[in-house]
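Report on one structure; see the data block that follows.
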Amino acid sequence: AKKFTGESSPRYLLRVAEAPRDHTGLGTGTQLGLAVARAIATIEGNRLSAVELAASTGRGLRSAIGVHGFEHGGFIADGGRGRGSDAIAPLLCRLEVPEDWRFVLAAPIGGLGISGNAEEESFRFLDSSSEASAHALCHALFLGMAPALAEKDIHSFGDALYEYGVRSGECFKKAQGGVFASLEIAELVEFLRSEGVRGAGQSSWGPTVYAVTDGDDRAGHIARRIANRCGPDKVQVIVTRPLNRGAEVSRPED
């Protein structure tokens, strides 16, 4: 619904029917912000790209993964910002994720990752040796995960994903106290690895832990193992499938 406070200043009343919890390391703030911007732009008759929407709403300032993911879906890699640039980081790689792969997400109930000013402050603790790690990170991404996706090789993908997560976590040791944000996260990741899940790690700053599996049966088994280990009242476990398309706008029936 739209209300007008003046001839050129419309206001919109929005109802969010369903949304995941904020600050769990899944980029929900970016997705919600872009969804609202896309809805308003559509009402106004404007066809704006996700990059244009992000620029107008202040999203994608540190990472453009959520921006390009909103537009395209699938497996996304951005190129980072150039020195001194304030533009949205360019899309370098976009690949389809096999439809039969599943992602098991485990988020501690009540647990929150860092965000806002605290997140900004954490980037000041970025290990200066992280530049030396860039080559290894690129190797894991473009010579590990990307070809494994193209070949639908979940084992090689999982190995490269785990390596990438650990190496990137090493860059933020000073900010989060270790490779992972907490001992509980580190122990859960190792538990999943001991269960045969090669692609396990911490999503963003946490506290969500992910596991990449093949098929519903395997994903269901891993989800139950997590719930049994952590307790169903301690962790929220979700099994989800890949989304190889961008956000869509639909109008409710009159």
Side-chain angles (χ1 to χ4, degrees), residues 1-81 85-105 107 112-113 115-116 119 145-146 149-150 152 203-205 208 210 212 216 219 236-254:
K2 179 164 65 174
K3 289 187 176 181
F4 288 92
T5 57
E7 290 190 8
S8 61
S9 57
R11 290 185 179 181
Y12 295 88
L13 300 178
L14 302 171
R15 180 173 66 89
V16 179
E18 185 178 359
R21 288 191 295 136
D22 291 335
H23 310 315
T24 56
L26 299 176
T28 55
T30 294
Q31 299 308 299
L32 180 59
L34 292 177
V36 170
R38 171 64 58 79
I40 292 175
T42 300
I43 292 170
E44 295 289 347
N46 296 321
R47 297 176 61 86
L48 301 177
S49 69
V51 170
E52 292 171 318
L53 293 173
S56 67
T57 58
R59 292 291 173 178
L61 299 179
R62 289 180 293 275
S63 167
I65 294 298
V67 176
H68 297 304
F70 182 87
E71 188 80 277
H72 305 288
F75 177 87
I76 299 292
D78 75 44
R81 283 183 165 182
S85 172
D86 59 358
I88 302 297
L91 175 64
L92 290 189
C93 174
R94 190 270 175 193
L95 294 167
E96 297 273 312
V97 181
E99 294 289 346
D100 60 340
W101 288 12
R102 295 293 180 265
F103 299 85
V104 183
L105 306 177
L112 296 175
S115 61
E119 184 177 9
M145 284 184 274
L149 271 175
K152 299 182 179 181
S203 183
S204 187
W205 293 104
T208 297
Y210 61 79
V212 185
D216 291 321
Q236 179 185 24
V237 184
I238 299 172
V239 176
T240 186
R241 62 184 61 221
L243 185 63
N244 287 308
R245 59 170 175 76
E248 297 178 344
V249 177
S250 61
R251 295 180 181 273
E253 296 181 1
D254 294 332

Exercise. State plainly whether the residues Lys152 and Glu99 are in salt-bridge range, i.e. N to O under 4.0 Å.
Key: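 No salt bridge links Lys152 with Glu99.
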Shortest non-hydrogen contact between [X] and [Y], atoms and distance:
X	Y	value
Thr30	Val67	CG2-N, 4.3 Å
Glu52	Arg47	OE1-O, 4.3 Å
Gly73	Arg94	O-NE, 3.1 Å
His68	Val51	CE1-CG2, 3.9 Å
Ala41	Leu48	CB-CD1, 4.2 Å
Gly79	Leu92	CA-CD1, 3.4 Å

Quiz prompt | Any side-chain heavy-atom pair of Thr240 and Tyr210 under 4.5 Å | solution =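 Counting from C-beta outward, Thr240 and Tyr210 never come under 4.5 Å.
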Self-check item: Note, Arg59 side chain near Phe70 side chain (heavy atom, < 4.5 Å)
Solution: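 No, side chains not in contact.
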Quiz prompt | Those residues that, when tested against Arg81, pass salt bridge (Lys or Arg N to Asp or Glu O under 4.0 Å) (two or more places apart) | solution =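 Applying salt bridge (Lys or Arg N to Asp or Glu O under 4.0 Å) to Arg81 gives none.
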Quiz item: So among Thr24, Leu26, Val237, Val239, which one has a side-chain contact (heavy atoms from CB on, under 4.5 Å) with Leu105?
Solution: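 Testing Leu105 for a side-chain contact (heavy atoms from CB on, under 4.5 Å) against Thr24, Leu26, Val237, Val239 leaves exactly one candidate, Leu26.
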Quiz prompt | Sidechain-backbone polar pair: Asp78 side chain, Ala89 backbone, donor-acceptor under 3.5 Å | solution =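 Flag not set: sc Asp78 to bb Ala89 has no pair under 3.5 Å.
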